[in-house]
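For reference, the structure discussed in these notes is given below.
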Amino acid sequence: MDTDLAARLADVDARIADAARAAGRDAAEITRIVVTKFHPATLVQDLFDLGVRDVGENRQQELSAKAAVFAENRALRWHFIGQAQANKARAIRAAASVVHSIDRPRIADAFETAGEADAATLDVLLQVNLTTDPGRGGVAPDELESLAAHTAACRTLRVRGVMAVAPLDEAPAAAFERLRGYADRVRTVVPDANWISAGMTADFAEAIAVGATHLRIGSAITGPRPPRD
Ligand SMILES: *Cc1c(COP(=O)(O)O)cnc(C)c1O
């Protein structure tokens, strides 16, 4: 067992607890997802042995390969946090418990079609673009309610809330404050969609302050990512 990994995980969890306390929140209502992208499946096993149950991946192939290693492990939940492509929806759906990156009607439709043979519904989040750069991914805020209505009408999808990545050129606290407003707007369409997926290594305390329910933390826990081949 990697004692550094255990120490980093404990340190991050202590910082989450501190940020929750400072915000008057209960840390038990916050799900800490460990982003394991680029790292081998052995790291996921080490994390599982340390009690981690929620892990995140941003590419379909890597998600599918690692999830296959843990196919017998019903306790581990895989979160897909990357940009989704319609032709990968079936493979993502087969592996993931939650998809954080629904950002256009066509992607919602692809996941819906992929799930028609399934009994279970898929939890999904609507990814919102907090920048003015369309290349950054996420739905433009003025299209959010219509995307929420479209996705909520998909029988096999359950809209749980919103997801966002902080912009590079703005203080995360200000951007996440907008995200909280977008989460409220989604709840005018889907009243119980109360998840907010926000906060990474550099900004999870700011995300907790605005009410994030799901943190996506990679390098602070895993250490630096190995280079991608
Ligand atoms: C990689 C990634 C993260 C984690 O990033 P860190 O800075 O390593 O914590 C979170 N969210 C998304 C969408 C990512 O791609």
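Only heavy atoms go into these numbers, but all of them, side chains included; no hydrogens, no water, no symmetry mates. Just follow the structure's listing: the first ligand is 1, and inside any ligand the first atom is 1. Keep in mind that this is a model prediction, so the values were computed, not measured.
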> Tell me the ring-ring contact (aromatic ring centres under 6.0 Å, His included) pairs involving residues 150-199, sequence neighbours left out?
Replying inline: Trp195-His214

> When Arg15 is tested against each of Asp11, Asp18, Asp13 for salt bridge (charged side-chain N to carboxylate O under 4.0 Å, His left out), which residue passes?
Replying inline: Asp11

> With sequence neighbours left out, what residues match Thr31 under side chain to side chain donor-acceptor pair (under 3.5 Å)?
Replying inline: none

> Taking atom CD of Gln61 as the centre, does the number of heavy atoms from other residues, nucleotides or ligands within less than 6.0 Å exceed 12?
Replying inline: no

> For Thr213 and Glu29, does a side-chain donor sit closer than 3.5 Å to a side-chain acceptor?
Replying inline: no

What donor-acceptor contacts under 3.5 angstrom involve side-chain atoms of residues 99-106, with partners at least two apart or in another chain?
| from | atom 1 | to | atom 2 | distance (Å) |
| --- | --- | --- | --- | --- |
| His100 | ND1 | Ser197 | OG | 2.9 |
| His100 | NE2 | His79 | ND1 | 2.9 |
| Ser101 | OG | Gly82 | O | 2.6 |
| Asp103 | OD2 | Gln83 | NE2 | 3.4 |
| Asp103 | OD2 | Gly138 | N | 3.3 |

Output, or 'none' if empty, a list of ligand 1-protein atom pairs in which both atoms are N or O and the distance is under 3.5 Å, rounded to 0.1 Å.
| from | atom 1 | to | atom 2 | distance (Å) |
| --- | --- | --- | --- | --- |
| ligand 1 | 8 (O) | Ser219 | N | 2.8 |
| ligand 1 | 8 (O) | Ser219 | OG | 2.9 |
| ligand 1 | 8 (O) | Arg225 | NH1 | 2.8 |
| ligand 1 | 8 (O) | Arg225 | NH2 | 3.3 |
| ligand 1 | 9 (O) | Thr201 | N | 2.9 |
| ligand 1 | 9 (O) | Thr201 | OG1 | 2.6 |
| ligand 1 | 9 (O) | Gly218 | N | 2.8 |
| ligand 1 | 11 (N) | Arg216 | NE | 2.9 |
| ligand 1 | 15 (O) | Lys37 | NZ | 2.7 |

